Number of protein chains: 2
Amino acid sequence: MVVAQRHTRQRAEILELLDDVDEFRSAQQLHELLRARGSGVGLATVYRAVQSLSENGDVDVLRTPDGESVYRRCAQRSHHHHLVCRSCGRTVEIDAGQAEAWAAQVASAHGFDDVEHTIELLGTCAACRAAGQG
Amino acid sequence: MVVAQRHTRQRAEILELLDDVDEFRSAQQLHELLRARGSGVGLATVYRAVQSLSENGDVDVLRTPDGESVYRRCAQRSHHHHLVCRSCGRTVEIDAGQAEAWAAQVASAHGFDDVEHTIELLGTCAACRAAGQG
DNA sequence: GCTAGCATTGGGAACGACTCTCAGGAAGAC
DNA sequence: GTCTTCCTGAGAGTCGTTCCCAATGCTAGC
């Protein structure tokens, strides 16, 4: 049976916040932002929400180098990858067709099946580079 | 001044263990394996060792989906990627020239500089597939 | 609108990976 | 052998995340 996803104020607030924010944010950051907006949503609830949202494919999850999970509501619901600015967090959604073809080919060359891939790009965007040099 | 890396029994044991093991292992697993071998190396020491080894490029680090860092001594010291069997952990080191060219090109198309990339492949190897089907 | 049933919530405790602290020990220079 | 300095190990601490459970509040049925 399908699990009934109840519509609650908390979940709505979290979704609304995710729509307002363009960068990847951790659950803790989202929690703080909600508090700053005057919402009393609990941390555990934020964790539960982003988890179920990511399971449904409504938000994308990334792992930061220090092991924190960060979440973002992406324009594309289909499979894609991210090019993230290490300085300002600006995120570009990229189609990874070429890299995926490569991944599939490499995998089959080594006799591997059911291959998933992790492909993320981290760089410095033009604006931050200009700001850094100026 | 260059930091002097002292040669200790513990570090030697950890390196030796890493040479014996072909799959990616977490610090905790390495610690257990050392204990099983009768070595009294402490967990903190294992963490310190793998950290400094990975900083020197002597071991490769990966993050498991559940946020654990896993380490492996690779044949190639130069930059490469991994194709890992999700079932038995068998690891193939792959040259990622093509994917890297793609990454660099995508990045520059969006005005990004100094791009690092994370590219890892996870699949089921031929042996495990055969075993699973049999 | 009221009620019952049940998923959701929230606060705090628990958990797991990892790091820090600090006193004792060992490696390397002389 | 002695001395200096770095390394070690046990346990406490940190931090992100999940669990627990009583209270809350959706939702459906009336």
Side-chain angles (χ1 to χ4, degrees), chain A residues 1-18 21 23-56 58-72 89 120, chain B residues 1-18 21 23-56 58-72 89 120:
Chain A
M1 150 188 160
V2 178
V3 178
Q5 187 82 293
R6 214 168 258 189
H7 183 259
T8 64
R9 179 181 58 82
Q10 291 84 343
R11 236 163 249 257
E13 284 178 358
I14 291 166
L15 268 175
E16 200 182 316
L17 174 60
L18 282 165
V21 168
E23 294 88 39
F24 278 93
R25 297 284 187 203
S26 70
Q28 316 237 19
Q29 287 175 321
L30 293 172
H31 179 236
E32 265 180 48
L33 288 168
L34 286 168
R35 288 272 152 128
R37 287 181 171 202
S39 162
V41 177
L43 183 57
T45 303
V46 176
Y47 273 106
R48 278 185 291 242
V50 291
Q51 189 170 301
S52 79
L53 286 168
S54 75
E55 274 164 15
N56 294 345
D58 292 322
V59 301
D60 281 13
V61 195
L62 245 53
R63 285 256 173 196
T64 66
D66 43 277
E68 212 175 356
S69 292
V70 288
Y71 304 87
R72 178 177 189 265
E120 298 299 337
Chain B
M1 156 188 158
V2 179
V3 177
Q5 186 82 295
R6 213 167 257 189
H7 182 260
T8 64
R9 179 183 55 81
Q10 291 85 342
R11 236 164 251 257
E13 284 178 358
I14 291 166
L15 268 175
E16 200 181 316
L17 174 59
L18 281 165
V21 168
E23 293 89 37
F24 278 93
R25 296 286 188 203
S26 70
Q28 317 238 19
Q29 287 176 320
L30 293 172
H31 179 236
E32 265 179 48
L33 288 168
L34 286 168
R35 288 275 152 125
R37 286 181 171 202
S39 162
V41 177
L43 182 57
T45 302
V46 176
Y47 273 105
R48 276 185 291 243
V50 292
Q51 189 170 298
S52 79
L53 286 169
S54 73
E55 274 163 16
N56 294 346
D58 292 322
V59 301
D60 281 11
V61 194
L62 244 51
R63 284 254 173 196
T64 65
D66 45 275
E68 212 174 355
S69 293
V70 288
Y71 305 86
R72 179 177 189 264
E120 299 301 339

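The figures here come from the full heavy-atom set of this structure, side chains too, leaving out hydrogens, waters and symmetry mates. Throughout, a chain's letter reflects where its sequence line sits, starting with A, and its residues are numbered from 1. Everything quoted here is computed from the prediction, not taken from an experiment.
Taking atom CG on B:Leu34 and atom P on D:dA10, their separation rounds to 13 Å, with Å as the unit. Per the geometry, NE2 belonging to A:His31 stands 13 Å off C1' belonging to D:dT17, to the nearest Å. Rounded to whole Å, atom P of D:dT8 lies 14 Å from atom CZ of B:Arg35.
Distance check, rounded to the nearest 0.5 Å: OG1 of A:Thr45 to CZ of A:Arg9 gives 9.5 Å. In this structure, A:Leu18 CG and A:Leu53 CG are separated by 7.0 Å, a value rounded to the nearest 0.5 Å. Note that CD of A:Gln29 and CG of A:Leu33 are 7.0 Å apart. Values are rounded to the nearest 0.5 Å. Of the inter-residue distances, the one linking B:Arg48 atom CZ with B:Gln10 atom CD reads 10.0 Å to the nearest 0.5 angstrom.
Dashed line: the shortest gap from a side-chain N or O of B:Arg11 to OP1 or OP2 of D:dT8 is under 4.0 Å.
Looking at residues two or more places apart in sequence or on another chain, you find no side chain to side chain donor-acceptor pair (under 3.5 Å) involving B:Arg63. Shown here are the salt bridge (Lys or Arg N to Asp or Glu O under 4.0 Å) partners of B:Arg35, two or more places apart in sequence or in another chain: there are none. Partners of B:Glu23 under the side chain to side chain donor-acceptor pair (under 3.5 Å) rule, at least two apart in sequence or in another chain, are B:Arg25. Remark: A:Tyr47 engages no residue in a ring pair (Phe, Tyr, Trp, His ring centres under 6.0 Å) (not counting sequence neighbours). A:Leu34 pairs by the side-chain contact (heavy atoms from CB on, under 4.5 Å) definition with A:Glu13, A:Ile14, A:Leu17, A:Ser39, A:Val41, A:Val46, not counting sequence neighbours.
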>> At under 4.0 Å between heavy atoms, how does the protein contact nucleotides 12-24 of chain C? Give one character per nucleotide, 5' to 3', with B, S or -.
In response: -----SBBBB---
> Can you give one letter per nucleotide of nucleotides 24-29 of chain D, 5' to 3': B if a protein heavy atom sits under 4.0 Å from the base, S if only from the sugar-phosphate, - if neither?
Replying inline: -BBS--
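For the residue pair B:Tyr71 and B:Val59, the shortest heavy atom distance occurs at CD2-CG2, 4.2 Å.
For the helix from C:dG1-D:dC30 to C:dC30-D:dG1, the rotation axes defined at the first and last 5 base pairs enclose an angle of 40°, given to the nearest 10°.
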